[in-house]
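Working notes for the structure below.
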Protein chains: 2
Amino acid sequence: MSDLLERLRGRGWRMTAQRRVVAEVLNGEHVHLTADEVHARAVTKLPEISRATVYNTLGELVSLGEVLEVTTDKRAKRYDPNAHRPHHHLVCARCGAIRDVHPTGNPLADLPDTERFGFTVSDVEVTYRGLCPDCAGA
Amino acid sequence: MSDLLERLRGRGWRMTAQRRVVAEVLNGEHVHLTADEVHARAVTKLPEISRATVYNTLGELVSLGEVLEVTTDKRAKRYDPNAHRPHHHLVCARCGAIRDVHPTGNPLADLPDTERFGFTVSDVEVTYRGLCPDCAGA
DNA sequence: ATCCTACAGTGGACTTTGTCTAAGTCAAAC
DNA sequence: GTTTGACTTAGACAAAGTCCACTGTAGGAT
């Protein structure tokens, strides 16, 4: 996704080999890697990249709004490069596989004022759980 | 919630001082404690209780379906004793306060077959995010 | 009431995930 | 080519949770 690299450069992001590699790893549909997985893949392209740099870079990408953090379980956070189209997630309860999904309807509208307890509600996150075809079949 | 203790005993759960204390700590509405918070409160009632026991007991309560695990952020899991009425959560993005909420509608019905990728979808979890009155006002 | 024993609890080491820091390096402006 | 401040690094540290070998005890059997 050189688009991403272009956008980042345009925003004054200083380009380095490490950042380029991280951006390259986070490329595609239905990509939901943990920080350590990103690091593992980055190392194959740039062996001396450090864990701290991967964490820093992911954090910056999240701040810039180019990548979303996803917390589907209590384990590691995952990073989702599909930040430009709003979506929710479908998670396999057995193997942890994740798909991006686009439900109909607007769950924000389903929360009546009486259930808002004075909160200013600005966002909603929906996680569907079930079994993926592989785990359901086996 | 002696109901809970009764139910557990009825299921053949061996009753011990430690388990009783953990069950007592997890009592009430809008209770969403982390394992460490549960431990901290349990210690005031039973000073020698160990962290491992609290984790074990919480895990068992979750397996028994008496308590729900809630992962609202990347930090510690929280434990929600309100397992018998389905509900979702409203979380303050600033201070982390959590309320149980009951939206209208059924988000499960909002996921068309074409968006299920062959998964057997059995559950959905909705997390609303925003600012609580205190954090919005300040 | 006492004994037994399988199940429960304990503390501490260990693992995983993530953060911080001091010192070295390098991209980009000049 | 120099300069400079932002970027990277390695490793120490921290928080949350798991594991394990040993000890203790609830509750049934006697």
Side-chain angles (χ1 to χ4, degrees), chain A residues 5-6 8-26 32-64 66-80 96, chain B residues 5-6 8-26 32-64 66-80 96:
Chain A
L5 291 177
E6 282 309 311
L8 294 172
R9 196 191 300 275
R11 295 215 213 175
W13 214 47
R14 185 162 151 184
M15 190 51 55
T16 67
Q18 291 84 349
R19 288 174 167 191
R20 196 179 350 261
V21 165
V22 170
E24 282 169 10
V25 167
L26 286 173
H32 305 91
L33 299 170
T34 64
D36 264 4
E37 286 164 356
V38 171
H39 180 239
R41 299 193 185 194
V43 161
T44 68
K45 302 186 179 203
L46 186 66
E48 66 278 20
I49 192 170
S50 81
R51 265 176 8 104
T53 296
V54 171
Y55 276 101
N56 289 341
T57 304
L58 289 172
E60 284 160 19
L61 289 169
V62 170
S63 299
L64 291 169
E66 296 291 346
V67 164
L68 296 176
E69 269 181 10
V70 184
T71 312
T72 56
D73 57 11
K74 78 296 183 176
R75 318 254 329 153
K77 279 182 281 194
R78 292 178 176 276
Y79 293 88
D80 182 344
Chain B
L5 292 176
E6 282 310 310
L8 294 172
R9 196 190 299 274
R11 294 214 213 177
W13 213 49
R14 184 160 152 185
M15 189 51 57
T16 67
Q18 291 84 347
R19 289 174 168 193
R20 194 176 353 259
V21 165
V22 170
E24 281 169 11
V25 167
L26 286 173
H32 305 90
L33 299 170
T34 65
D36 264 5
E37 286 164 356
V38 172
H39 180 240
R41 299 195 186 193
V43 161
T44 68
K45 301 186 180 206
L46 187 66
E48 66 278 19
I49 193 171
S50 80
R51 264 173 14 101
T53 297
V54 171
Y55 277 103
N56 288 342
T57 305
L58 289 172
E60 284 161 20
L61 288 170
V62 170
S63 298
L64 291 169
E66 296 291 346
V67 165
L68 297 177
E69 269 181 8
V70 183
T71 312
T72 56
D73 56 13
K74 75 293 183 175
R75 317 260 325 159
K77 279 183 281 195
R78 292 178 176 276
Y79 293 89
D80 182 343

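These numbers were taken from a predicted model, which means no experiment stands behind them. Throughout, protein chains are lettered first and strands after them, A, B, ... in sequence-line order, and every chain is numbered starting at 1.
- In this structure, Thr57(A) and Arg14(B) both approach DNA chain D, and ranking their closest nucleotides by distance from the 5' end singles out Thr57(A).
- In this structure, the CZ atom of Arg9(A) is 14 Å from the P atom of dC7(D), given to the nearest Å.
- Within a 6.0 Å sphere centred on CZ of Arg20(A), other residues, nucleotides and ligands contribute more than 12 heavy atoms.
- Atom pair Gln18(A):CD and dA6(D):C1' shows a separation of 12 Å (rounding to whole Å applied).
- Residue Leu46(A) is the one, among Trp13(B) and Leu46(A), whose nearest nucleotide of DNA chain D lies closer to the 5' end (criterion: closest heavy atom).
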message = Using side chain to side chain contact (heavy atoms under 4.5 Å, CB included), reason through Val22(A) and Thr53(A) one step at a time and then give a plain yes or no.
response = CA-CA 9 Å; Val22(A) 170; Thr53(A) 296; 5.8 Å; no

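- Once you apply a 4.0 Å limit to the heavy atoms of chain A, the touched nucleotides of DNA chain C run 5' to 3' over dT16(C) to dA28(C).
- Of all heavy-atom pairs between Val54(B) and His39(B), the closest is CG2-CD2, 3.7 Å.
- Heavy atoms only, all atoms of each residue included: Val25(B) and Ala42(B) are closest at CG2-N, 4.0 Å.
- dC7(D) atom C1' lies 15 Å from atom CG of Leu58(A), rounded to whole Å.
- In this structure, Arg11(B) pairs ionically with Glu66(B), as a charged nitrogen and a carboxylate oxygen lie closer than 4.0 Å.
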task = Could you give me the CA-CA distance, side-chain angles and deciding distance for Tyr79(B) and His32(B), then say whether side chain to side chain contact (heavy atoms under 4.5 Å, CB included) is met?
result = CA-CA 5 Å; Tyr79(B) 293 89; His32(B) 305 90; over 6 Å; no

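- Residue Thr16(A) is in sugar-phosphate contact alone, with no base atom involved, counting any heavy-atom pair closer than 4.0 Å across all strands shown.
- With sequence neighbours excluded, the residues satisfying side chain to side chain contact (heavy atoms under 4.5 Å, CB included) with Arg14(B) are Arg19(B).
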request  = Could you go through the side chain to side chain contact (heavy atoms under 4.5 Å, CB included) check for Tyr55(A) and Val38(A) one step at a time?
outcome  = CA-CA 9 Å; Tyr55(A) 276 101; Val38(A) 171; over 6 Å; no

Strictly under 3.5 Å: I want the nitrogen or oxygen pairs between protein and nucleotides 17-19 of chain D, one per line.
from, atom 1, to, atom 2, distance (Å)
dG17(D), OP1, Lys77(B), N, 2.9
dG17(D), OP2, Tyr55(B), OH, 3.1
dG17(D), N7, Arg51(B), NH2, 3.0
dG17(D), O6, Arg51(B), NH2, 3.4

